[in-house]
Amino acid sequence: MNPNPALEFRRLAPDLLPGLTAFFESMIANKDDEFFHPHPFTAENAVELCGYAGKDLYLVAVCADEVLAYGLLRGWDEGYAIPSLGIAVHPAARGTGLGTAFMRYLHAAAANRGAKSIRLKVYPHNSIAKSLYEKLGYRPAGETDGQVLYTLTLR
Ligand SMILES: CC(C)(COP(=O)(O)OP(=O)(O)OC[C@H]1O[C@@H](n2cnc3c(N)ncnc32)[C@H](O)[C@@H]1OP(=O)(O)O)[C@@H](O)C(=O)NCCC(=O)NCCS
């Protein structure tokens with residue numbers, strides 16, 4: 001391994017399985033799955049996601065083998081034109097601008113796929129995430145399942 005690792009944004013792949021499994025464990029220990037639950041954060045799901053090769057995008061920020069953020073853009077597999085975005089940053093890596101940078105990467109990845117806009121859902125009391133989304137230009141567009149639906153028009 002390179003003794004001087006750098007932060008990288010990349011798609012999930014089999015070599016990231018230990019890092020993703022550890023990331024999911026840290027999210028559960030921090031009770032982040034109360035705010036963010038696109039799927040169960042199990043070891044079985046980590047295996048599936050690291051081997052997934054469909055149209056949806058499961059992306060991470062990594063440094064060496066450590067996963068520092070996890071994001072997804074999904075809906076393409078089901079035939080939707082507008083992807084749904086989800087994001088979580090490792091509890092120890094928050095408040096340093098990684099969430100903002102990773103969100104912009106997710107936006108560029110969606111635009112690269114031809115998406116014109118993005119949607120996401122957030123709990124009304126998740127004020128940190130709401131402030132991040134609003135800073136990035138997301139606007140509320142209704143309510144669904146007790147969460148606020150936000151949309152962003154991509155350039
Ligand atoms: C929401 C989340 C992704 C933000 O990640 P992050 O790396 O801390 O984000 P950043 O450091 O880029 O900060 C982005 C913005 O979030 C807000 N923010 C971050 N930390 C904050 C804190 N401790 N208190 C208040 N606002 C905060 C600020 O608006 C900040 O903007 P600023 O840099 O202009 O002040 C992260 O808190 C997280 O993973 N939360 C748990 C999972 C979750 O809720 N996901 C969203 C589900 S909808």
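Order of appearance sets the numbers: ligands from 1, and atoms from 1 within every ligand.
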Residue and atom name of the nearest protein heavy atom (relative to [atom]), distance in Å to one decimal:
| atom | value |
| --- | --- |
| atom 23 (N) of ligand 1 | Ile128 CD1, 3.8 Å |
| atom 34 (O) of ligand 1 | Lys135 NZ, 3.2 Å |
| atom 13 (O) of ligand 1 | Thr100 OG1, 4.0 Å |

Exercise. Is the His107-Tyr105 ring centre distance short of 6.0 angstrom?
Worked result: no

Exercise. Do Met27 and Leu132 sit in the same hydrophobic cluster, where Ile, Leu, Val, Met, Phe, Trp and Tyr count as joined when their side-chain heavy atoms come under 4.5 Å apart?
Worked result: no

Exercise. Should the ring pair Tyr70 and Tyr58 be called parallel, tilted or perpendicular, given that the plane angle runs from 0 to 90° and is split at 30 and 60?
Worked result: parallel

For this session: Give the ring-plane orientation class for Tyr123 versus Phe35, where under 30° counts as parallel, over 60° as perpendicular and anything between as tilted.
Result: tilted

With atoms numbered from 1 as shown, which atoms in ligand 1 lie under 4.0 angstrom from a non-hydrogen atom of [X]?
| X | result |
| --- | --- |
| Ser131 | 17 (C), 28 (C), 29 (O) |
| Gly95 | 6 (P), 7 (O), 8 (O), 11 (O) |
| Lys121 | 48 (S) |
| Asn126 | 43 (C), 44 (O), 46 (C), 47 (C) |
| Gly97 | 10 (P), 11 (O), 12 (O) |

Has ligand 1 got any nitrogen or oxygen that is less than 3.5 angstrom from a nitrogen or oxygen of [X]?
| X | result |
| --- | --- |
| Val89 | yes |
| Ala129 | no |
| Ile87 | yes |
| Leu132 | no |
| Gly99 | yes |

For a quick test of reading the model, state the closest non-hydrogen atom pair linking [X] to [Y] and the distance between them.
| X | Y | answer |
| --- | --- | --- |
| Ala110 | Trp76 | CA-CH2, 4.2 Å |
| Tyr150 | Pro140 | CD2-N, 3.6 Å |
| Cys50 | Leu20 | SG-CD2, 3.8 Å |

Seminar exercise, completed: To atom 46 (C) of ligand 1, the nearest of Tyr133, Tyr150, Phe102, Tyr123 on a heavy-atom basis is Tyr133

Exercise. Which is closest to atom 41 (C) of ligand 1 in terms of heavy atoms, His37, His90, Met27, Arg94?
Worked result: Arg94

Seminar exercise, completed: Here the gap from Tyr133 atom OH to Thr100 atom OG1, rounded to the nearest 0.5 Å, amounts to 11.0 Å

Problem set entry | Met103 side chain near Ile118 side chain, heavy-atom distance below 4.5 Å | no

For this session: Of the side chain and backbone of Thr96, name the one, both, or neither that has a heavy atom under 4.0 Å from an atom of ligand 1.
Result: backbone

Problem set entry | Test log, rule side-chain hydrogen bond (donor to acceptor under 3.5 Å, both in side chains), inputs Thr151 and Arg119 | CA-CA 4 Å; Thr151 59; Arg119 69 197 290 283; over 6 Å; no

